[in-house]
Amino acid sequence: MRLRNVPGAEDYLTGHPLVIKNPDRYRGSWKDTFEHSENPIHIEIGMGKGQFLLTQAKNNPDINYIGIERYSSVLVRALERYDNNEEYSSLSNVRFLCVDAKKLPEIFAVGEVDKIYLNFSDPWPKARHAKRRLTSREYFECYDKILAFDGVVEFKTDNRELFEFSLEQIDLAGWVLLAKTYDLYNDPSMSRGNVMTEYEEKFAGQGHPIHKLIAMRQ
């Protein structure tokens, strides 16, 4: 995936107090990085420009959120959204990481994360890149190493092929599918409390059905 370089992005991330540097040093003690350490931790992998994560943090002050984005040029846009909007800039229950999701087991201890959100992840359409998809069996093995006993993964996409692939991978990984829908906005149960991402607003506005699943380990 080719991304436009954002001049000064690295310096912006380095100087921002909510971007955690050398995150592996907090493995097993992430709750202590938040003002309210008793709150559960939810993470979004591939958080994009941060609309979903920041809205969730605003709506749920009793939950601590960590946004994870691999690309500094993307993460900087989420930080700008946080810094430049009064509705977000006072939030104390959000942190950010600029890391590759493959490193999650090195960053979080067993059972340290209560929920994982995957929203409109890169589909990596070529078959040889299947292992790079965030809903591949390989990634579910990573999630298994950090999720709480009753933790869940929630995934949304407009890509039907990626959704079908994800359902297959859940089964191959030995996980349990708790719920699924191929048309989120026409499913009252699954759409209750739904928070849109930037991509979701775009695709839904174009009439694309949004697919969602919820899965947990056996």
Side-chain angles (χ1 to χ4, degrees), residues 30-31 38-48 51-68 93-94 101-102 104-105 107-124 130-201 203-204 208-218:
W30 275 100
K31 288 190 175 183
E38 71 279 6
N39 292 349
I41 292 176
H42 293 186
I43 68 175
E44 183 185 7
I45 303 173
M47 58 168 290
Q51 177 172 299
F52 175 86
L53 184 89
L54 292 172
T55 302
Q56 287 282 56
K58 182 185 71 171
N59 293 345
N60 303 283
D62 57 343
I63 298 173
N64 292 328
Y65 291 89
I66 300 176
I68 297 170
N93 61 329
V94 62
K102 291 179 181 179
L104 289 177
I107 294 170
F108 296 99
V110 175
E112 199 164 21
V113 174
D114 295 275
K115 183 180 286 189
I116 296 174
Y117 294 102
L118 307 172
N119 293 315
F120 298 86
S121 307
D122 191 332
W124 291 103
K131 291 183 179 180
R132 300 184 184 182
R133 298 168 190 162
L134 291 178
T135 52
S136 69
R137 179 174 58 181
E138 288 77 13
Y139 272 103
F140 276 109
E141 291 174 356
C142 285
Y143 308 150
D144 182 62
K145 296 175 182 177
I146 67 173
L147 270 176
F149 176 75
D150 57 351
V152 300
V153 171
E154 294 192 4
F155 171 58
K156 288 192 294 185
T157 184
D158 71 316
N159 188 306
R160 179 66 176 256
E161 291 184 4
L162 178 60
F163 193 69
E164 296 288 0
F165 168 84
S166 304
L167 293 172
E168 294 173 357
Q169 296 298 296
I170 287 170
D171 185 55
L172 290 173
W175 285 48
V176 177
L177 182 68
L178 298 179
K180 71 173 181 179
T181 180
Y182 287 92
D183 193 354
L184 180 61
Y185 301 139
N186 286 309
D187 188 319
S189 176
M190 292 284 280
S191 63
R192 188 177 299 115
N194 182 62
V195 172
M196 281 189 165
T197 73
E198 296 91 347
Y199 280 120
E200 189 171 351
E201 286 184 345
F203 296 141
H208 296 195
I210 305 301
H211 319 313
K212 180 178 179 179
L213 65 81
I214 304 173
M216 69 180 299
R217 291 166 298 178
Q218 293 269 15

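Computed from a predicted model, the values in this text were never measured in an experiment.
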_Could you tell me if the side chain of F52 sits less than 4.5 Å from the side chain of Y65, heavy atoms only?_
no
*Between N64 and I41, is there a donor-acceptor pair closer than 3.5 Å when you use the side chain of the first and the backbone of the second?*
no
_Could you measure the distance from the NZ atom of K115 to the CG atom of L147? Nearest 0.5 Å is fine._
11.0 Å
*Measure the spacing between CD1 of I66 and CD1 of I116 and express it to the nearest 0.5 Å.*
11.0 Å
*N194/K212 under side chain to side chain donor-acceptor pair (under 3.5 Å): CA gap, chis, key distance, verdict*: CA-CA 11 Å; N194 182 62; K212 180 178 179 179; 5.0 Å; no
*With a cut-off of 6.0 Å (strictly less than), are more than 12 heavy atoms of other residues, nucleotides or ligands near CD of E38?*
yes
*Short question: side chain of N93, backbone of I63 - any donor-acceptor pair under 3.5 Å?*
yes
_Looking at W30 and I107, would you say the former's side chain and the latter's main chain have a donor-acceptor pair under 3.5 Å?_
yes
_Polar side chain donor-acceptor pair, Y199 to D158, under 3.5 angstrom_ = no
*What pair of heavy atoms forms the shortest contact from L134 to Y139, and how long is it?*
O-CB, 3.5 Å
*With sequence neighbours left out, what residues match R217 under salt bridge (Lys or Arg N to Asp or Glu O under 4.0 Å)?*
D144
*Would you say the side chain of F163 lies within less than 4.5 Å of the side chain of I210, judging by non-hydrogen atoms?*
no
*Minimum side-chain heavy-atom gap L167-F155 below 4.5 Å*: no
*asked:* Using every non-hydrogen atom in the two residues, find where L184 and M190 come nearest and quote the distance to one decimal.
replied: CD1-O, 3.4 Å
*asked:* Working to the nearest 0.5 angstrom, can you tell me the gap between L118 CG and Y143 OH?
replied: 4.5 Å
*Taking all atoms of both residues into account, what is the closest heavy-atom pair of P123 and R133, and its distance?*
O-NE, 2.9 Å
*How close do A204 and Y185 get, heavy atom to heavy atom, and via which atoms?*
CB-CE1, 3.5 Å
*Determine yes or no for a side-chain-to-main-chain donor-acceptor pair under 3.5 angstrom, with S136 supplying the side chain and R132 the backbone.*
no
*Looking only at non-hydrogen atoms, find the nearest pair between D183 and N186 and report the distance.*
OD2-ND2, 2.8 Å
*Looking only at heavy atoms, which two atoms of P61 and K58 are closest? And how far apart?*
CD-O, 4.0 Å
_Would you say E44 and Q56 are linked by a side-chain donor-acceptor pair, where the criterion is simply a distance under 3.5 Å?_
no
*Between atom CZ of F203 and atom CZ of F120, what is the distance when rounded to the nearest 0.5 Å?*
7.0 Å
*With a 4.5 Å heavy-atom cut-off, do F108 and I43 have their side chains touching?*
yes
*Tell me, do L104 and I45 make a side-chain contact under 4.5 Å, heavy atoms counted?*
yes
*For residues 163-174, which residue pairs qualify under side-chain hydrogen bond (donor to acceptor under 3.5 Å, both in side chains), counting only residues two or more places apart or in two chains?*
T135-S166, R160-E164, E164-Y182
*Given side chains that start at C-beta, do those of D114 and H42 come closer than 4.5 Å, heavy atoms only?*
yes
*May I ask you to decide if M196's main-chain N or O and Q51's side chain share a donor-acceptor pair within less than 3.5 Å?*
yes
*May I ask you to test the K156-N119 pair for a side-chain heavy-atom distance under 4.5 Å?*
yes
*Would you give the length of the straight line joining atom NZ of K31 to atom CG of N39, rounded to the nearest 0.5 angstrom?*
8.0 Å
